[in-house]
Protein chains: 2
Amino acid sequence: MSDHSPAFHDHNHDTCTHDVLHHAEELVRRDGIRLTPVRRRTLEILVSEHRAMGAYEVLDRLAADGFGNQPPVAYRALEFLVEHGLAHRINRLNAFAACMHPGEAHSPLFLICQACEAVAEAPSDPVRTAVEQAAAQHDFAVERVNIEVLGTCPACAGDAKEC
Amino acid sequence: MSDHSPAFHDHNHDTCTHDVLHHAEELVRRDGIRLTPVRRRTLEILVSEHRAMGAYEVLDRLAADGFGNQPPVAYRALEFLVEHGLAHRINRLNAFAACMHPGEAHSPLFLICQACEAVAEAPSDPVRTAVEQAAAQHDFAVERVNIEVLGTCPACAGDAKEC
DNA sequence: CTACCTATTGTTATATTATATCATACTAGT
DNA sequence: ACTAGTATGATATAATATAACAATAGGTAG
């Protein structure tokens with residue numbers, strides 16, 4: 001892990017933290033989802049780190065905050081967040097990250113740096129369209145799309161050149 | 001698991017088996033890759049089933065054929081095949097499948113049926129283009145793209161209607 | 001052809017990730 | 001307060017994956 005993690009560019013972290021939690025609150029009002037203490041704290045942890053975190057890493061944090069310290073505690077909270085579009089699961093890394101475009105209809109597209117493991121989430125509407133077309137050729141009804149791109153982030157590409 | 005697995009449509013399985021193995025042989029000649037007995041057998045297993053298989057499932061088959069019966073045996077062979085484009089890893093399922101479009105430059109796009117777990121591999125050149133563009137906006141250098149689409153295959157969609 | 005080097009395989013052990021299950025506690029609606 | 005549905009806590013275990021080292025096979029320079 002490195003210090004390149006918070007996406008690949010500087011950003012106002014207070015703003016994105018606020019946006020995500022605000023969106024969650026809205027779902028509480030609008031859809032009646034239950035943002036219980038564990039779930040809320042789990043989301044806060046993901047947002048505050050702003051990177052892909054393993055379930056056991058999240059679990060450690062939760063335990064430190066006085067929640068249960070057994071795997072299901074973390075997995076259940078994470079699953080809940082994913083189900084409601086507040087977080088994503090990044091299969092390639094067996095990890096989770098808060099959704100940084102909450103509410104927007106989008107198929108998450110993850111840019112995963114192989115050097116520093118930073119993960120950026122990009123909007124992907126044109127990609128989604130292309131995917132739908134490919135699926136249509138197989139008479140396949142799309143429900144969820146997960147796109148994971150492996151490569152090198154600008155920071156690490158720069159590091160490599162310096163050597 | 002169900003009987004919908006071999007992609008979503010009937011196909012001439014002899015042909016696709018032949019194509020894949022033929023391509024592998026070509027790599028042996030062209031690139032000097034070493035298609036050892038375990039590796040060859042692993043590819044044959046994946047092709048003959050024509051579906052996503054877990055590493056331990058592959059391992060059982062290999063062991064039955066007299067190869068080692070410890071996890072690394074399967075993982076190493078599978079990793080080799082993935083590296084050389086002869087197989088793909090489907091993260092969502094922690095599973096592997098023979099590449100059915102060997103040799104074609106393509107970013108694999110998997111259509112995964114949530115009902116029967118069948119997996120189809122679709123070519124995805126337009127998708128790839130869209131992905132490259134999204135990545136470019138982040139100055140991200142793409143190396144590998146993995147697209148996994150969850151949904152319902154035509155067979156299962158039909159089944160659902162019948163009820 | 002032999003000695004060496006490298007890639008591959010076999011084996012043991014263990015790490016990491018994830019889920020099933022059941023008991024307990026909370027929440028909302030009546 | 002009662003009850004039906006949810007959510008949490010805790011125990012146990014399953015499923016997936018890798019590290020590390022020994023043994024073997026294959027190619028190649030001398």
Side-chain angles (χ1 to χ4, degrees), chain A residues 1 24 27-43 45-46 52-84 86-97 114 117 146 148, chain B residues 1 24 27-29 31-46 52-84 86-97 114 117 146 148:
Chain A
M1 217 50 73
L27 288 186
V28 170
R29 286 192 298 275
R30 210 186 62 198
D31 301 351
I33 72 165
R34 292 174 60 183
L35 196 62
T36 60
V38 219
R39 291 169 176 173
R40 186 189 181 97
R41 187 77 196 104
T42 301
L43 181 56
I45 289 168
L46 289 180
M53 298 180 75
Y56 281 76
E57 199 180 349
V58 171
L59 178 58
D60 286 346
R61 308 290 202 92
L62 289 173
D65 290 342
F67 295 100
N69 67 342
Q70 297 305 313
V73 171
Y75 280 102
R76 285 194 288 231
L78 290 165
E79 184 188 17
F80 175 89
L81 296 175
V82 169
E83 254 170 25
H84 291 87
L86 293 167
H88 295 297
R89 183 190 172 109
I90 298 160
N91 290 308
R92 178 77 195 201
L93 304 175
N94 293 322
F96 300 82
Q114 287 178 313
E117 293 216 324
N146 187 268
E148 299 181 7
Chain B
M1 213 54 71
L27 288 186
V28 171
R29 285 191 298 275
D31 302 350
I33 72 167
R34 291 175 59 183
L35 196 63
T36 60
V38 218
R39 292 168 176 173
R40 188 192 177 95
R41 187 77 196 103
T42 302
L43 181 56
E44 286 172 359
I45 290 167
L46 289 181
M53 296 180 77
Y56 281 76
E57 199 180 351
V58 171
L59 178 59
D60 285 346
R61 307 291 201 92
L62 288 173
D65 290 343
F67 296 101
N69 66 342
Q70 297 304 313
V73 171
Y75 280 102
R76 285 195 287 232
L78 289 166
E79 184 188 17
F80 175 89
L81 296 175
V82 170
E83 254 171 25
H84 291 87
L86 294 167
H88 295 298
R89 183 190 170 108
I90 298 159
N91 289 309
R92 177 76 195 202
L93 303 175
N94 294 322
F96 300 82
Q114 288 178 312
E117 294 216 325
N146 187 269
E148 299 180 7

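Proteins come first, then strands; the chains are lettered A, B, ... in the order of their sequence lines, and each starts at number 1.
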What I want to find out is whether B:E44 reaches B:R41 closely enough, with some N-O distance under 4.0 Å, to be called a salt bridge.
yes
Determine, for A:E57 against A:R61, whether the closest basic-nitrogen to carboxylate-oxygen distance falls under 4.0 angstrom.
no
Please report the distance, rounded to the nearest Å, between [atom1] in [X] and [atom2] in [N].
X	N	atom1	atom2	answer
B:Y75	C:dT9	OH	C1'	18 Å
B:L93	C:dT17	CG	C1'	16 Å
B:E57	D:dA14	CD	P	18 Å
B:D60	D:dA15	CG	P	12 Å
B:N91	D:dA17	CG	P	9 Å
A:R92	D:dA17	CZ	C1'	13 Å
B:L78	C:dT9	CG	P	12 Å
B:M53	D:dA15	CE	P	16 Å

Should B:L86 and B:L27 count as side-chain neighbours, where that means a heavy-atom distance under 4.5 Å?
yes
Of all the heavy-atom pairs spanning [X] and [Y], show the shortest one and how long it is.
X	Y	value
A:A52	A:A97	CA-CB, 4.2 Å
A:L35	A:V28	CB-CG2, 3.8 Å
B:L62	B:V38	CD2-O, 4.1 Å

Are the side chain of B:E148 and the backbone of A:N146 linked by a donor-acceptor contact shorter than 3.5 Å?
no
side-chain contact (heavy atoms from CB on, under 4.5 Å) assessment of A:F96 paired with A:V58
CA-CA 9 Å; A:F96 300 82; A:V58 171; 5.8 Å; no
Please list each protein N or O that sits under 3.5 Å from an N or O in nucleotides 28-30 of chain C, with the distance.
none

Think [X] has a side-chain N or O under 4.0 angstrom from the OP1 or OP2 of [N]?
X	N	result
A:N94	C:dT16	no
B:Y56	D:dT16	no
A:T36	D:dT6	no

Would A:F80 and A:H84 count as a side-chain contact (heavy atoms from CB on, under 4.5 Å) if you check the C-alpha gap in whole Å, the side-chain angles of each, and the deciding distance to 0.1 Å?
CA-CA 6 Å; A:F80 175 89; A:H84 291 87; 3.3 Å; yes
Polar atom pairs (N or O), protein with nucleotides 9-12 of chain D, under 3.5 Å:
{"unit_1": "D:dG9", "atom_1": "N7", "unit_2": "A:R76", "atom_2": "NH2", "d": "2.5"}
{"unit_1": "D:dG9", "atom_1": "O6", "unit_2": "A:R76", "atom_2": "NH1", "d": "3.3"}

